[in-house]
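Notes to accompany the following structure.
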Amino acid sequence: MADSVLIINAGSSSLKFSLYREDAKQEFVCSTNGLLEGIGTNKPHLIIKDNKKNILYEKNWIDPKLFQSSARGALFDETMEWLFTHLGNDQIIGIGHRFVHGGSKYSAPAIANEKVYEDLKALTPFVPLHQPGSLSPMRVMLDKRPEIVQVACFDTAFHATMPDYAKRFALPRKYYDDGVRRYGFHGLSYQYIVQYLQETNSPLANGKVIVAHLGNGASVTAIHNGKCIDTSMSFTPLDGLVMGTRTGHIDAAIILYMLQEEKLSADEIQDLIWKKSGLLGVSEVSSDMRDIVEEVNTNGTNAVYAKQALDLFTYRLVGEIGRLVTSLQGFDGLIFTAGIGEHSSTLRFEVCKALEWLGVNIDKEANNSGDLIISKPESKILVQTIPTNEELIMLQEVLKFAKN
Ligand SMILES: Nc1ncnc2c1ncn2[C@@H]1O[C@H](COP(=O)(O)OP(=O)(O)O)[C@@H](O)[C@H]1O
Ligand SMILES: CC(=O)OP(=O)(O)O
Ligand SMILES: [Mg+2]
């Protein structure tokens with residue numbers, strides 16, 4: 001019977017899981033990978049593969065009702081059901097859960113218990129797209145298999161090194177003391193990128209690097225010597241860049257306008273800014289970058305709106321990179337990661353072209369052919385695409401607890 005560690009990564013449009021099995025060399029190697037993607041779109045897709053990329057299970061849902069976010073629970077349950085009935089003889093010695101928000105109480109991984117569960121549940125209003133998906137598998141396992149060590153790993157932890165002026169909003173001091181400040185998210189992904197640069201002896205490991213994590217949630221982070229200097233997301237993962245369904249940064253007074261003039265309720269505003277805005281709201285096509293690009297390329301009925309959404313996404317991303325280059329006082333490298341960052345060569349090209357004046361010189365062929373280094377040798381800034389691996393960072397954290 002092999003010892004295994006299960007890692008669950010609940011994203012806003014996806015649920016990823018990886019099962020790591022201990023081999024004869026006592027190393028934990030990924031044996032099964034699952035990806036449920038397209039949550040919140042009308043065509044979610046589940047695919048589960050073994051470590052040789054053979055497909056173990058696949059399912060497509062085509063149902064307009066799935067567009068409603070209330071259908072998320074059912075999709076999560078079905079994925080989890082498959083997982084728990086296919087564990088075979090594996091003995092799970094630990095489970096890692098990605099928690100986007102740790103609030104002011106949790107800035108390091110924490111072992112799950114009732115207190116931790118309740119503390120994290122209380123943060124749900126700040127991360128409505130994520131916390132329910134992270135909490136539900138933890139709850140199931142606390143009830144069914146309380147003997148298994150479960151570790152909550154936080155996106156916020158990586159950003160603890162930001163200086164006071166990057167963390168603080170210009171509000172009366174009381175609010176900062178009450179926890180109203182910039183936390184930053186996607187930290188497990190940024191931690192992985194830093195580790196990757198160190199392990200590959202990259203000249204960027206000790207340099208000034210901008211990392212763009214562009215998934216359904218999108219953020220950019222300025223890193224110097226492996227430490228976070230500033231990042232685009234703040235109190236919640238709503239701030240910063242335009243995202244799949246989130247507004248990114250908007251004038252806070254717009255919320256007052258919606259409340260007072262448009263007479264929207266707090267719940268309606270919450271729904272609007274988290275689930276109906278971003279690429280989806282502007283394009284009226286989809287929250288999924290693949291659909292937006294296809295609508296533009298095929299000159300579909302909403303091609304003009306889709307192009308506006310794409311241009312806005314790019315413009316705001318380039319602007320935020322500019323701000324962070326100033327925070328770093330220059331930069332040596334630019335890294336793209338996560339769903340859009342890893343796969344959309346068009347987006348990477350547009351961003352790099354807009355940054356040419358800062359010394360970014362993209363190699364068009366390398367960018368299109370999926371190479372990891374996509375800048376020309378003479379480029380002042382090294383540009384790389386690095387597939388993220390939040391699961392590996394969580395595995396390392398779980399093993400610290402489960403193996404001792
Ligand atoms: N081949 C592709 N081209 C462009 N965008 C892609 C491609 N594959 C995935 N994406 C985009 O990546 C995003 C999802 O990223 P991901 O990091 O998996 O999501 P999450 O934020 O839920 O973790 C979606 O907008 C999707 O359209
Ligand atoms: C923090 C966040 O938005 O995460 P994701 O991109 O996985 O939804
Ligand atoms: Mg993600």
Side-chain angles (χ1 to χ4, degrees), residues 37 186 189-190 192-194 196-197 200-205 207-216 218-223 232 240-244 279 282-283 285-286 288-300 303-326 328 330-389:
E37 60 174 347
H186 292 133
S189 174
Y190 293 123
Y192 173 76
I193 301 292
V194 166
Y196 176 93
L197 294 174
T200 54
N201 288 322
S202 164
L204 296 182
K208 296 177 174 179
V209 191
I210 302 278
V211 185
H213 176 112
L214 311 173
N216 188 51
S219 70
V220 214
T221 290
I223 298 172
S232 61
L241 306 177
V242 172
M243 302 178 222
L279 292 175
V282 177
S283 70
V285 171
S286 169
D288 193 302
M289 185 55 101
R290 286 165 288 200
D291 299 335
I292 307 267
V293 171
E294 193 185 304
E295 186 74 6
V296 174
N297 290 346
T298 58
N299 204 13
V304 172
Y305 291 179
K307 178 76 170 62
Q308 284 174 342
L310 197 56
D311 288 348
L312 180 59
F313 184 93
T314 312
Y315 177 73
R316 289 274 296 272
L317 171 57
V318 169
E320 189 63 19
I321 292 173
R323 184 181 80 79
L324 294 181
V325 169
T326 309
L328 285 170
F331 69 140
D332 308 303
L334 172 63
I335 288 163
F336 291 95
T337 193
I340 301 171
E342 290 165 29
H343 298 113
S344 181
S345 52
T346 318
L347 189 273
R348 290 195 301 261
F349 183 77
E350 292 301 327
V351 171
C352 288
K353 282 316 261 181
L355 295 172
E356 221 167 39
W357 66 281
L358 280 175
V360 174
N361 193 346
I362 188 165
D363 180 333
K364 210 170 172 181
E365 259 173 45
N367 183 42
N368 289 338
S369 63
D371 289 1
L372 291 185
I373 293 189
I374 58 170
S375 49
K376 288 188 180 154
E378 64 270 27
S379 180
K380 200 173 138 240
I381 312 298
L382 182 62
V383 188
Q384 267 181 271
T385 303
I386 303 178
T388 195
N389 194 344

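FYI, side chains are in, hydrogens and waters are out, and symmetry mates aren't considered; it's all heavy atoms of this structure. The residues of the chain are indexed from 1 along the displayed sequence.
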Polar side chain donor-acceptor pair, Thr337 to Glu342, under 3.5 angstrom: yes

Value rounded to 0.5 Å, distance of CD1 in Ile321 from OG1 in Thr326: 12.0 Å

Contact summary for Ala303 and Val296, nearest pair of heavy atoms: O-CG2, 4.2 Å

For the pair Ser344 (side chain) and Ile340 (backbone), establish whether a donor and an acceptor sit closer than 3.5 Å, ignoring hydrogens and angles. no

Answer yes if the side chains of Ser369 and Asp371 hold a donor-acceptor pair under 3.5 Å, and no otherwise. yes

Separation of Leu279 CG from Met243 CE (nearest 0.5 Å): 10.0 Å

Under a 4.5 Å cut-off applied to non-hydrogen side-chain atoms, are Arg348 and Ile374 in contact? yes

Which atoms form the tightest heavy-atom contact between His186 and Ser219, and what is the distance? ND1-OG, 2.8 Å

Flag side-chain contact, heavy atom, 4.5 Å: Gln384 against Leu204: yes

Give, for atom NZ of Lys208 and atom CG of Leu324, the distance between the pair rounded to the nearest 0.5 Å. 13.0 Å

Take Glu350 and Lys353 through the salt bridge (charged side-chain N to carboxylate O under 4.0 Å, His left out) test and state the conclusion after the steps. CA-CA 5 Å; Glu350 292 301 327; Lys353 282 316 261 181; over 6 Å; no

How about Ile386 and Leu197: do any of their side-chain heavy atoms sit closer than 4.5 Å? yes

Flag the pair Tyr190 / Val209 as yes when at least one side-chain heavy-atom distance between them is below 4.5 Å, and no otherwise. no

Of all heavy-atom pairs between Leu241 and Ser232, which one has the smallest distance, and what is that distance? CG-OG, 4.2 Å

Is atom CD of Glu294 surrounded by more than 12 heavy atoms (other residues, nucleotides or ligands) closer than 6.0 Å? no

Hey, does the side chain of Ser375 reach the backbone of Val383 with a donor-acceptor pair shorter than 3.5 angstrom? yes

Whether Tyr192 and Tyr196 hold their rings parallel, tilted or perpendicular, with breakpoints at 30° and 60°: tilted

I would like to know whether Leu358 and Ile381 meet side-chain contact (heavy atoms from CB on, under 4.5 Å); could you show each step before the answer? CA-CA 8 Å; Leu358 280 175; Ile381 312 298; 5.6 Å; no

Shortest non-hydrogen contact from Gly341 toward Thr385: O-CG2, 3.9 Å

Would one find more than 12 heavy atoms of other residues, nucleotides or ligands at under 6.0 Å from atom CD of Glu365? no

For the NZ atom of Lys307 and the CD1 atom of Ile292, what is their distance to the nearest 0.5 Å? 12.0 Å

Side-chain touch Val351/Phe336, heavy atoms, less than 4.5 angstrom: yes

Would you say the side chain of Pro387 lies within less than 4.5 Å of the side chain of Leu372, judging by non-hydrogen atoms? yes

Can you name the nearest heavy-atom pair linking Val282 to Tyr305, along with the distance? O-CB, 3.6 Å

Tightest non-hydrogen contact, residues Val220 and Ala212, listed as CG1-CA, 3.9 Å

side-chain contact (heavy atoms from CB on, under 4.5 Å) between Ile373 and Asp363, worked out: CA-CA 9 Å; Ile373 293 189; Asp363 180 333; over 6 Å; no

Could you tell me whether the side chain of Ser345 and the main chain of Asn368 form a donor-acceptor pair under 3.5 Å? no

Enter the distance from Leu347:CG to Asn367:CG here, rounded to the nearest 0.5 Å. 10.0 Å

Would the distance check show the side chain of Thr388 and the main-chain N or O of Ala338 forming a donor-acceptor pair, the cut-off being under 3.5 Å? no

What verdict does the side-chain contact (heavy atoms from CB on, under 4.5 Å) test give for Asn361 and Glu378, after you've listed the backbone C-alpha separation in whole Å, the side-chain angles of each residue and the deciding distance to 0.1 Å? CA-CA 8 Å; Asn361 193 346; Glu378 64 270 27; 4.0 Å; yes

To the nearest 0.5 Å, atom CD1 of Ile210 lies from atom CZ of Arg323 at 9.5 Å

